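Read through the structure below, which is laid out as structure tokens, and then see the notes.
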2 protein chains.
Amino acid sequence: MRKKITLKQIARELDVSVSTVSKALSGSKEISEDTTQKIQAFAKLYNYRPNNIALSLKNRKTKTIGILIPEIVHHFFSTVIRGIELIANRRGYNVIVGLSNESFSKEIINMEMLANGSIDGFILSISKETLLKQDYHHFNATINQGIPIVMFDRVVNEVNCDKVIVDDFNGSVKAVKKLIENNCKNIALITTMDYVSVGRLRTQGYIEALEEHKIFADSNLILKIDDSLDVENHLEVLENEIERFFKTNNTIDGVFAVNELYAVTAMKVARKLGLSIPEDIQVIGFTDGVLSKHATPSLTTVSQHGQKMGEQAANLLIDRLEAIDSESDQYIVNDNPKHDFIKIVIETELIERESTK
Amino acid sequence: MRKKITLKQIARELDVSVSTVSKALSGSKEISEDTTQKIQAFAKLYNYRPNNIALSLKNRKTKTIGILIPEIVHHFFSTVIRGIELIANRRGYNVIVGLSNESFSKEIINMEMLANGSIDGFILSISKETLLKQDYHHFNATINQGIPIVMFDRVVNEVNCDKVIVDDFNGSVKAVKKLIENNCKNIALITTMDYVSVGRLRTQGYIEALEEHKIFADSNLILKIDDSLDVENHLEVLENEIERFFKTNNTIDGVFAVNELYAVTAMKVARKLGLSIPEDIQVIGFTDGVLSKHATPSLTTVSQHGQKMGEQAANLLIDRLEAIDSESDQYIVNDNPKHDFIKIVIETELIERESTK
DNA sequence: TTTCAACACGAAAACGTTTTCGCTAAGAAT
DNA sequence: ATTCTTAGCGAAAACGTTTTCGTGTTGAAA
């Protein structure tokens, strides 16, 4: 068991000082060529690598990004992670992942666990419970400690930080317009309760598109699913709700759903009711995941470009971290609260598949 | 901007020494009640939290686990992460994630990046390229450095470490037996090339089940997909292969596929060919993910219990880490290479849905 | 010969902890 | 009055780095 070798050990073996070893390894010309050669050879032989923790302590930065998301078994969130990881790695950062599991307290615990020196900054998406409670003190607290945050997807105006969001509103508009152009006359919306911001925006987009085309937004055509119940494990509930909805509104010939699951379930129910897709009823979902792609018929969706969101978020955070870095050398700035925060909006894309004409 | 406060600052403010502060905060009875009170109150007021990095350096352990997986946008792997994170958090550990992206070199780079003090141990699943190359020196190297590894799912005999696997062989046997019991006479297998161990084991299970029932394992009924090509983005290729396969073997009345995607694609093709499921042809897949659950008809699958695998792996790793910890106090052991490594086998479960009778 | 720069290296501080060991003063024991 | 405990605290080392600031030696310039 060859434990990792340290500067001190190299120094002792070669009978020089630690400082000499450090300098030799970094190629400082303060050290003679002879000694440098000798030290570098020895270091290579023993596969010396500087201890990251020691470096972190010395430099007071960890080169690690903390990701805090509600859920990881979720296509969208995992694509975002992939994007973050890609950029982080490329720019020399590691990625540490915490899951809030949609819980307020776990979100706080996780933040505090990581905010004690383990990470340089956060990239996060707010948990449902936090959004419900509207309690954002922990975010502001960590920002005040000098730890920057970048929020993505589920963001909130109450916190002053960089943000990366998808254009939920226009994405919905696009989708619903598509249905209108495809000659749908009675377009239904299947959505969630309003407290998660993205749900609200998507609903507004739906209404906007209809109004632009002078179509009356009939509230009977809007189905709000209570997603506080665990839909994933009680599919029947969802199916029954949708079935009842379809039966009481049997003129529906177009459906826009705010997520994949609602959309494919709608297709399933429609088929069960003897409707064929897209002939009798056309369906579009939000969030382009594996379900949309592999459903039969495959589902037309509004793609959120999760990976791109992750990449942008990572770049934003790292840019800011490195800006702070160089700032600390300078004169004022430190107490300037007027860093202007950036909000990046990712354009959605309508991916047309078999569920629309 | 209130930066985090340190022991030193508290000491200076309260005009005591750093050691006194440290002891007072840990409740040492070396310090008088008065001073303890005063210090604790002050610390609380300023929300003192010990710096993790400093602790890591001092204790020579980070309380972080490195996860190294081929891909994160993947239902199985994300469930495993969820399991790891659950246990890790519960036992006071953090989780840092690296993605190999199925590449040998990225696997190595990521390992080295983390092995320099950032983590206490690894939980990993081997990349395809590494399995192809059969080059495992980096695993053995990090183990030799004293960093324990737990491998899951894609494991390999050449590396001596704890392992958590699913019983691929028996899982397949179970599935195929089910098809036999359901009266399938010509059961096809859709699998991958052999080099990924799990694929091979699943194929063997298929053959075993047939032989047990004295059924000739007709090699024409085995379709091997070359998954070096990016199937996810070239679905047509997959569909065409399967279609050709079905057409040349039109007696097939049962299909066992080694993953979800192959299974649902098989269903799609079958339906296209006018076969109804499960009446004309029954289908079972391996890996219970979101596709299986939400496909129409929903897919009978062999569940791998990814989350449980993650939990077991995390417990295994942390147990070993803490065992090492207490060992270091003791006399011998250190150079004992005969730590017996544990291999946990998770039982699969056949989840019956609509794609079988 | 004296002075000075350049060269090659070492000592020490710093990052934030914890812990061991000493030290001082006060009260108890002799 | 002297010695011994003990309570209460501080100094310093250690974890592994990097970096600043010496310092001694050498050869050249004066």
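Residue numbers begin at 1 in each chain, while the letters A, B, ... track the order of the sequences. Fair warning: this is a prediction, and the values are worked out from it, not measured in the lab.
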Span of DNA chain D, from the first to the last nucleotide whose atoms fall under 4.0 Å of chain A heavy atoms: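 Here the contact window of chain A covers D:dC15 to D:dC21.
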
Taking every non-hydrogen atom, the tightest pair across A:N110 and A:L99: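 In terms of heavy atoms, the two residues are closest at ND2-O, 3.1 Å.
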
Exercise: identify the closest heavy-atom pair between A:S56 and B:I53: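 So the two residues come closest at CB-CG2, 3.8 Å.
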
Any base atoms under 4.0 Å from [X], or only sugar-phosphate, or nothing? Heavy atoms, all strands.
X: A:S32; answer: sugar-phosphate
X: B:L55; answer: sugar-phosphate
X: A:K23; answer: base
X: A:T6; answer: sugar-phosphate

Comparing A:Q9 and A:E30 on DNA chain D - which has the more 5′ nearest nucleotide: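 The 5'-side residue here is A:Q9.
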
Comparing A:K8 and B:D15 on DNA chain D - which has the more 5′ nearest nucleotide: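 Taking each residue's closest nucleotide, the earlier one in sequence belongs to B:D15.
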
Set of salt bridge (Lys or Arg N to Asp or Glu O under 4.0 Å) partners for A:K23, sequence neighbours left out: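 Counting only residues at least two positions away or on another chain, A:K23 forms a salt bridge (Lys or Arg N to Asp or Glu O under 4.0 Å) with A:E30.
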
Main-chain N/O of B:K128 paired with B:E102 side-chain donor or acceptor, under 3.5 Å: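 Yes; at least one donor-acceptor contact below 3.5 Å.
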
Ring pair (Phe, Tyr, Trp, His ring centres under 6.0 Å) contacts touching residues 10-49 of chain A (sequence neighbours left out):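 Residue pairs with at least one partner in residues 10-49 of chain A: A:F42-A:Y46.
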
Residue pairs involving residues 2-24 of chain B (criterion ring pair (Phe, Tyr, Trp, His ring centres under 6.0 Å); sequence neighbours excluded):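 Residue pairs passing ring pair (Phe, Tyr, Trp, His ring centres under 6.0 Å), neighbours aside: none found.
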
Salt-bridge present (A:D319, A:R91; N to O < 4.0 Å):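 Yes, charged N to carboxylate O under 4.0 Å.
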
Set of ring pair (Phe, Tyr, Trp, His ring centres under 6.0 Å) partners for B:F122, sequence neighbours left out: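 Scan of B:F122 (ring pair (Phe, Tyr, Trp, His ring centres under 6.0 Å), adjacent residues dropped) gives none.
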
Sorted by number, the residues of residues 35-43 of chain B with heavy-atom contact under 4.0 Å to DNA chain C: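 When residues 35-43 of chain B is checked for heavy atoms under 4.0 Å from DNA chain C, there are no hits whatsoever.
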
